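To keep things clear, I will list the structure first and then write my remarks on it.
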Amino acid sequence: MTPAGRAGRIGLYLFLVTTALFFAIPLVIVVLTALKDADEARGASIFLLPRSPDLEAFSKAWSSACIGRDCNGIGGRFWNSVVITALATSISLLLASLNGFALALWNLRRAGLVLGLLLVGAFVPYQIMIYPLVRMFAVGGIHQTLAAVVIVHVLFGLPILTLIFRNYYVGLPPELIKAARVDGAGFFQIWRLVILPLSLNVAIVAGILSVTGVWNDYLLGLIFSGQNWQPMTVSVASLSATASSGVPEQNVNMAATLLTALPPLLLYLLSGKYFVRGVTAGAVKG
Amino acid sequence: MTRVRIENLVRSYGAHAVLKDISLDIADGEFLVLLGPSGCGKSTLLSAIAGLDQVQAGRILFDDRDVTRLEPSAREIGMVFQSYALYPTMTARANMAFALRVVGASRAEQEERVRWAADLLQIGHLLDRKPGQLSGGQRQRVAIGRSLVRKARLFLFDEPLSNLDAKLRTEMRNEIKALHERLGVTFVFVTHDQIEAMTLATRIAVMDAGVIQQVDTPDEIYRRPATRFVADFVGAPAMSFLEGELVAPDRVRIGENTVAVPDYAWRSAPRTGSVVFGVRPERVSVAPVPGTATVAARLRGIEPHGADTLVWAELSGQRLSARLTPEAAAGLPQSLHLDFEIEGVSLFDPDSGARL
Ligand SMILES: Nc1ncnc2c1ncn2[C@@H]1O[C@H](COP(=O)(O)OP(=O)(O)OP(=O)(O)O)[C@@H](O)[C@H]1O
Ligand SMILES: [Mg+2]
């Protein structure tokens, strides 16, 4: 390697390390603080290592921290998030697969127009649709219920998920559909028996996107879920706003934050391989 | 058992006309081969017969029943695709049983029909494998088996052999032919391979640019091509074409030479005037000495093909080829005396390309 090349290489690594550090610092602070006790968390510098690290803060955050007047921790809200995420993701994956199939492989009239509208849908800031949706749910009598929060997640997730499925299906050989039609299968039979079994890889990618999107969402949960189905993210925010003994318990807040952020983090770590593979496959074939 | 009648079929993509007023009558039990160069509309025509593609005008009748607007599933057809199009996640058995499964046939019936087709194609031992675990030839067999399982009255094949190697191709060709004889139903087979067409067909329909040029028996197509396109497309090595002038209905002048064409089987009224003189290479021979019927030409090149040798010659500035035995081609002099057999000669109108 030439000296110039080596210098370039060093510069590149320097840049990468700095960038990685920049993004890692908040995470490091969260972890360090969560391992401290309340006094230490409040007093010492946020960068110091904990003197006697323990998981006290985590168990408190999970089961006894106060959110408003309710002192049962965020554990219960964890299951709310799980239910909302599971429902929203499975429904939107099924619908997105069906839509993607229709757009890619069924000779749909104006498929191009629908595709354009989907693209618009995928990039419209959803804040502008919140008020009309609130009114609609109120009229329909399901405002601030599980149904409402799942429906909005499905609605906002569908455009981008449909595009992902559609791009994958476009790469499938059209003869497959022709053969199935000659064999006498109808639209839904072809989708269920031929297309769905082929969709595992793309479903993993779309699933990861959907799970992280729904899990990390704050705004929609705040507005549409109501008290009974409040997701974890909203609880964490309320938790940090509640100071039970008058002084903020930063270690508990940090622990709650970490617990909330953990599922998507784990998901990325465990499925990064599929994710990269699926995203590039879609990109090349699209 | 189906007689297929196609009447004035039109299909275009935007301004691009792919099928231009196609009419074709396929007899019951016939093995019809659609032959033509890439992009001439063979697959489009086959898709129209299958009902996979809507046509803009014209009718398709199966046994006098108008099926133009029927779904493929309602047409009682079996179809085999070039890419096999097997369902990748299903075993060979499930692939073959698919058509029966979607109409809710009983397990016993599915099993019985799959058995029958598997025995016919000798793929019984492959039934539990998925397409990814099969070789190209095996996949093709399974694909054919899948089309057999449903009781079809008409089988459509879209270049089913073009992904196979030469040896396997010959083998599958013979099997498809045997299958046709055994089933006795109508076959429509698309290919751009003339050997396949010649060996399989009871009749060949030669297509070019969305138009059917000729429908005839393989022998007739070869010996009396209806247009210059057919003459050029069918036959390897290809027919030679020389521009000339009919000075009398039985004499063609080519440059300074005159070729006698006595006893030519005229399709149109015998005439004089400019003409394209076509001759099959195997009907051209080299005479040792000039005779009354020979024409003088110059040797231009020699191409050994193993069984025979192609000799290129120049006649009044135009090239033609002669197919000779290697012995006859050895040691040819520079100036040749060529002899044409009238059976190998075709005359075409230079403007319309139609046979005279
Ligand atoms: N969906 C389509 N949109 C536009 N043009 C098409 C479409 N399908 C086919 N064509 C055009 O129609 C013409 C005929 O196509 P077709 O597939 O029937 O050809 P083919 O004779 O089967 O050729 P090959 O031997 O290569 O399979 C081609 O020029 C092709 O470009
Ligand atoms: Mg084709």
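None of these values were measured; they are calculated from a predicted model. Labels below follow one simple rule: chain letters A, B, ... track the order of the sequence lines, proteins then strands, and each chain is numbered from 1. Keep in mind that the numbers below use all heavy atoms, side chains included, and drop hydrogens, waters and symmetry copies.
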Ordered numerically, the heavy-atom neighbours of chain B under 4.5 Å found in residues 179-192 of chain A are A/Ala179, A/Ala180, A/Arg181, A/Val182, A/Asp183, A/Gly184, A/Ala185, A/Gln189
Please list, in residue-number order, every residue in residues 90-103 of chain A that has a heavy atom less than 4.5 Å from any heavy atom of chain B; write 'none' if there are none.
none
Contacts of residues 119-150 of chain B with chain A (heavy atom under 4.5 Å):
B/Arg146, B/Arg150
Selection from B/Pro88, B/Ala50, B/Ala74 maximising heavy-atom pairs under 4.5 Å formed with chain A
B/Pro88
Looking only at B/Ser73, B/Gly51, B/Ser47, most heavy-atom pairs under 4.5 Å shared with chain A are made by B/Ser73
Counting only heavy atoms from other residues, nucleotides and ligands, does the tally under 6.0 Å from CE of A/Met129 exceed 12?
yes
Can you tell me if B/Trp116 has over 12 outside heavy atoms packed within less than 6.0 Å of its CH2?
yes
Check each atom of B/Leu86 against the heavy atoms of chain A and say whether the ones under 4.5 Å are side chain, backbone, both or neither.
backbone
Okay, B/Gln82 and chain A: the region with an atom under 4.5 Å from a heavy atom over there is neither
Rounded at 0.5 Å granularity, tell me how far CG in B/Leu52 sits from CD in A/Glu175.
10.0 Å
Does any heavy atom of chain B fall under 4.5 Å from the side chain of A/Pro173, the backbone, both, or neither of them?
neither
Contact list for residues 74-102 of chain A, test salt bridge (charged side-chain N to carboxylate O under 4.0 Å, His left out), sequence neighbours left out:
A/Asp70-A/Arg77
If we only count heavy atoms from C-beta on, is the A/Val194 to B/Phe98 side-chain gap below 4.5 Å?
yes
Student check: side-chain heavy atoms of A/Leu193 and B/Arg101 closer than 4.5 Å
yes
